[in-house]
Amino acid sequence: MKQFIMFSCLMILLLVFPIQIVIDRETNSKIENLERIVFEEGVQRARKDGYFTPDNITNLKSKISSLCGVDESRIVLSLTTTPKYKTLDYDENELIHYSVGIPIDEIVAAPKLWGIDPAQNNKMHTISGVIASELLP
Amino acid sequence: MIWLLLMTCITLLNTAICIHDTSVNTYNRASERLKWVSQNASYDAAYYFDEEEFSKGLYVFDDVDGLHAISNSIKNGLNINDDFTAPPNSFWAGSVEWEAWFIDDSKTARVYRNGVLTNRLNTTYPYTYIDSSNGFTTEVTEPTVIVKIIPEPIPVYTGTFVDVDISRTSSSELKAY
């Protein structure tokens, strides 16, 4: 009986590991998708347009939502929405800024088992940066 | 007793697999992020050119503005401090170094390391740029800016003390101007 109880407890403990691997893969996939959407599409389009156009922002939100599995209302965006122009000399005032964040809801599997408060078992993953504009004045 | 030993072994093995998995994911993400940041830095730097030379029909990069663009792009893209050191709790460790090559119609290649001119080479098109550390190779036939970001190595296999060079290089070539 003692062995059975011990075996059961260890089995429960061992189940956490595969779940953790799945959570890690899922988190990684979300972040990879976010970076690909932002850098490959959103940022390059903003570079050509000179700013993040409403159409570009809508497209960004919908792609992030569908590929990262995050509700559009939970995506945190801070983007340059006024035109910036290509200058002959480097001018920091004419750079396009972007910051895109998505919530990662579960970092550790079975947080209570490790004494982690479930309310703290999440984070906001944000990518940000600046790019020069290609838009001619 | 044998069950206990067996379960302990399985637990340890699972822990090792979890750590390895996380390390590899982290390495891949870091490598990917460096690719985007170096690409954007080289794009940004290629925008700035010497107007006087341009009036003579030559495209010669404005190194000063280009270097500003590269350093700002790297700092903002990797979220590091102004002195290129990683802030506390950052993914990056230590300091991040970078190298920039400006190859243009002036028939020279200027090589900068962390913004300081380290080499000036006489070049003609086509010029083959080979980075032996990460295998990046490109054939330069038009004015080109090449940016290499060299962060401190991060442990790919946590706990095994195997550090891997994670540097990434990107180039931006002006095809028509």
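Note on naming: letters A, B, ... go to the chains in the order of the sequence lines (proteins, then strands), and numbering restarts at 1 for each one.
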Enclosure of A:K63 NZ (heavy-atom neighbours >12, cutoff 6.0 Å) = no

Rounded distance (nearest 0.5 Å) linking atom CG of B:N76 with atom CG of A:L95 | 8.5 Å

What about B:Y48 and A:I96, same hydrophobic cluster or not, with Ile/Leu/Val/Met/Phe/Trp/Tyr joined at side-chain heavy-atom distances under 4.5 Å?
-> no

Closest non-hydrogen contact found for A:D24 with B:C18 is OD2-O, 4.5 Å

Proximity breakdown for B:T8 and chain A, heavy-atom pairs closer than 4.5 Å = neither

Look at atom NZ of A:K123 and say whether more than 12 heavy atoms of other residues, nucleotides or ligands are closer to it than 6.0 Å.
-> yes

Distance-only, no hydrogens or angles: does the B:D44 side chain make a donor-acceptor pair with backbone N or O of A:A132 under 3.5 Å?
-> yes

About how many Å separate CG of B:N40 and CD of A:Q44, when rounded to the nearest 0.5 Å?
-> 5.5 Å

A:I104, A:L77: one ILVMFWY side-chain cluster at the under-4.5 Å cut-off?
-> yes

Engaged part of A:S133 at the chain B interface, taking heavy atoms whose separation is under 4.5 Å = backbone

Specify which of A:H97, A:K86, A:R47 makes the most heavy-atom pairs with chain B at under 4.5 Å.
-> A:R47

Any side-chain donor paired with an acceptor under 3.5 Å for A:E134 and B:Y47?
-> yes

State, yes or no, whether a side-chain contact exists between B:L13 and A:F17 at a heavy-atom distance under 4.5 Å.
-> no

Name the region of A:I127, side chain, backbone, both or neither, that has any atom closer than 4.5 Å to a heavy atom of chain B.
-> both

Any side-chain heavy atom of B:D21 within less than 4.5 Å of one from A:R25?
-> yes

Between B:L78, B:N25, B:V37, B:T15, which residue shows the highest count of heavy-atom pairs closer than 4.5 Å to chain A?
-> B:N25

Per-residue contact mode, B:N79 against chain A (heavy atom under 4.5 angstrom) = side chain

Can A:I37 be reached from A:L34 by stepping across I, L, V, M, F, W or Y side chains whose heavy atoms are under 4.5 Å apart?
-> yes

Audit row: B:D62, A:D89, side-chain contact (heavy atoms from CB on, under 4.5 Å) steps and yes/no | CA-CA 9 Å; B:D62 182 336; A:D89 297 315; 4.3 Å; yes

Sort A:V43 into side chain, backbone, both or neither according to what part of it lies under 4.5 angstrom from a heavy atom of chain B.
-> side chain

Separation between CD1 (A:I31) and OG1 (B:T26), nearest 0.5 Å, reads 9.0 Å

Contact origin within B:Q39 toward chain A - heavy atom pairs under 4.5 Å = neither

Is the closest side-chain donor-acceptor distance between B:R29 and A:N28 under 3.5 Å?
-> yes

Hey, any chance B:F136 and B:L121 share a hydrophobic cluster, counting ILVMFWY side chains that come within less than 4.5 Å of each other, even indirectly?
-> yes

Contact winner vs chain B - A:R36, A:E35, A:Q20, heavy-atom pairs under 4.5 Å | A:E35

Side chain, backbone, both or neither: which part of B:N14 has a heavy atom under 4.5 Å from chain A?
-> both

Assess the side chains of A:Y90 and B:N72: does a donor N or O sit below 3.5 Å from an acceptor N or O?
-> yes

Closest contact, heavy atoms only, A:L88 versus B:F49 | CD2-CZ, 4.1 Å

Is A:E32 close to B:E32 at the side-chain level, that is, under 4.5 Å between some pair of heavy atoms?
-> no

